[in-house]
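Read the structure below first, then the notes.
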There are 2 protein chains.
Amino acid sequence: MTLSDKQLELIEEFGVYQENNGFQPAVARVMGILLVSDKPELTFEEISETLNISKSATSNALNMLLNTGHIEYTKFHGDRKRYFRIKSSNWRDTFNKKMEDLGELNNILKRVLEVRKRDNPVYDEKLLYFISFLDYLKGQLPNLIEQWEKQNLNQNA
Amino acid sequence: MTLSDKQLELIEEFGVYQENNGFQPAVARVMGILLVSDKPELTFEEISETLNISKSATSNALNMLLNTGHIEYTKFHGDRKRYFRIKSSNWRDTFNKKMEDLGELNNILKRVLEVRKRDNPVYDEKLLYFISFLDYLKGQLPNLIEQWEKQNLNQNA
DNA sequence: ATTTTGGTTCTGTAAATTATGAACTAACGA
DNA sequence: TCGTTAGTTCATAATTTACAGAACCAAAAT
């Protein structure tokens, strides 16, 4: 399998992005190739050879992504190979993870306010505002999603 | 300076959180101690000794945080020490960074759609939805912030 | 039953990260 | 101006990460 320069570039860019999200380089590249390749499903061999990563690294990456629910595979009759593809639900999960992450930060910050004893309330004020904003955002998010779905429906009607 | 068990625990937890955001362990702990300590301003020595990290690590961490605008310091007359505190603007920046990060993802995904040539449009559909959602979110965010500020004002009136 | 092949596992290691400690510097106070 | 000390820099040590290569395994094809 061959990829265009633009595809290779995008794999790299997406790879770096996912590295910043805590994925190993090779794992991030595997996600990348499944995302940008013309064929939506690729075999172990195609991934390993096209990305130029060893069989062991490929095996580890694919199993890791399978275990974390980022990819899945199908098999075809009379063919021992597995055909891997990224799960499409994956995108909403990515977004949810970011939001949960902010929720975790918010929980920590709330406990900070409980634990530290500062004389000057000015130091608490900014923090309180931020906490309140995160709470507000969290509360409004379902609304927002609903609104978007409604609008999206109208567009496609 | 001494910290309560709860404070130490929070420093650790906040530290891990910030490590996941790409900060070095020691840097993350320094941010943590400035966040949870009873005194809002701490000296080099207090930070180094309380966190039990070497002077060099402390120096690197503080300078890194100064350069990236996460902390600042003041000096007092007749005292050679600097007194470090976290910048309060820091919180909004944290949030903005998360949103910009989603924007970057969105840009990559848009280019993915341009570059890959898939026969079956079903594979594009989910991706298109997600892109459209991120665009919608980005557009609505200013609104949301405005609404929150309005509500917040009423609360404090 | 044997071979082929799709994939796994184990071991070694290169490279990057992160911190330490000691030597050093510079500025301030006395 | 001299000593003290707050802070920096540098070499290096300790870990961790991430991958390759080879040996290995199991199921399917022949």
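Just so it is clear: chains get the letters A, B, ... in the order the sequence lines come, proteins before strands, and each one is counted from 1. Computed from heavy atoms alone, side chains included, the values below leave out hydrogens, waters and symmetry copies.
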Distance, rounded to the nearest Å, where [X] contributes [atom1] and [N] contributes [atom2]:
X	N	atom1	atom2	result
B/Glu19	C/dA16	CD	P	20 Å
A/Phe44	C/dG6	CZ	C1'	8 Å
A/Glu45	C/dG7	CD	C1'	11 Å
A/Leu42	C/dG7	CG	P	12 Å
A/Tyr73	C/dG6	OH	P	15 Å

Taking 5' to 3' order, which nucleotide of DNA chain D is first and which is last to have an atom within less than 4.0 Å of a heavy atom in chain A?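 Extent of the interface on DNA chain D: D/dA18 to D/dA29.
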
Looking at [Y], is its backbone amide N or carbonyl O close enough to the side chain of [X] to form a donor-acceptor pair, meaning the two atoms are under 3.5 Å apart?
X	Y	result
A/Gln18	A/Phe23	no
B/Thr68	B/Met64	yes
B/Thr43	B/Tyr83	no
B/Asp79	B/Lys75	no
B/Asp101	B/Lys97	no
B/Thr94	B/Asn90	yes

Who passes side-chain contact (heavy atoms from CB on, under 4.5 Å) against A/Arg118, sequence neighbours left out?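 A/Arg118 satisfies side-chain contact (heavy atoms from CB on, under 4.5 Å) with A/Arg116, A/Tyr123, B/Ser37, B/Pro40 only.
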
Applying side-chain contact (heavy atoms from CB on, under 4.5 Å), can you list everything that pairs with B/Asn20, at least two apart in sequence or on another chain?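 In terms of side-chain contact (heavy atoms from CB on, under 4.5 Å), with neighbours along the sequence ignored, B/Asn20 is linked to B/Val16.
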
Should A/Arg82 be listed as having a side-chain N or O under 4.0 Å from OP1 or OP2 of C/dG7?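 For C/dG7, OP1 or OP2 has a side-chain N or O of A/Arg82 closer than 4.0 Å.
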
Hey, mind stepping through A/Arg111 and B/Glu13 against salt bridge (charged side-chain N to carboxylate O under 4.0 Å, His left out) and telling me if it holds? CA-CA 11 Å; A/Arg111 287 199 283 136; B/Glu13 218 169 312; 2.4 Å; yes

Could you list the residues that satisfy side-chain hydrogen bond (donor to acceptor under 3.5 Å, both in side chains) with B/Glu45, not counting sequence neighbours?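 By the side-chain hydrogen bond (donor to acceptor under 3.5 Å, both in side chains) rule, B/Glu45 matches B/Lys81.
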
Whether A/Arg92 engages the ring of B/Tyr129 as a cation-pi pair (distance to the six-membered ring centre under 6.0 angstrom, angle to the ring normal within 45°) should be assessed.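 The answer is no; the distance or angle limit is not met.
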
Per-nucleotide protein contact string for nucleotides 20-30 of chain C (B base, S sugar-phosphate only, - none; heavy atom under 4.0 Å): BB----BBBS-

Check each residue of residues 23-38 of chain A for a non-hydrogen atom within less than 4.0 Å of any atom in DNA chain D, then write out the ones that pass by number, or none.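 DNA chain D contact set from residues 23-38 of chain A: A/Gln24, A/Pro25, A/Ala26.
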
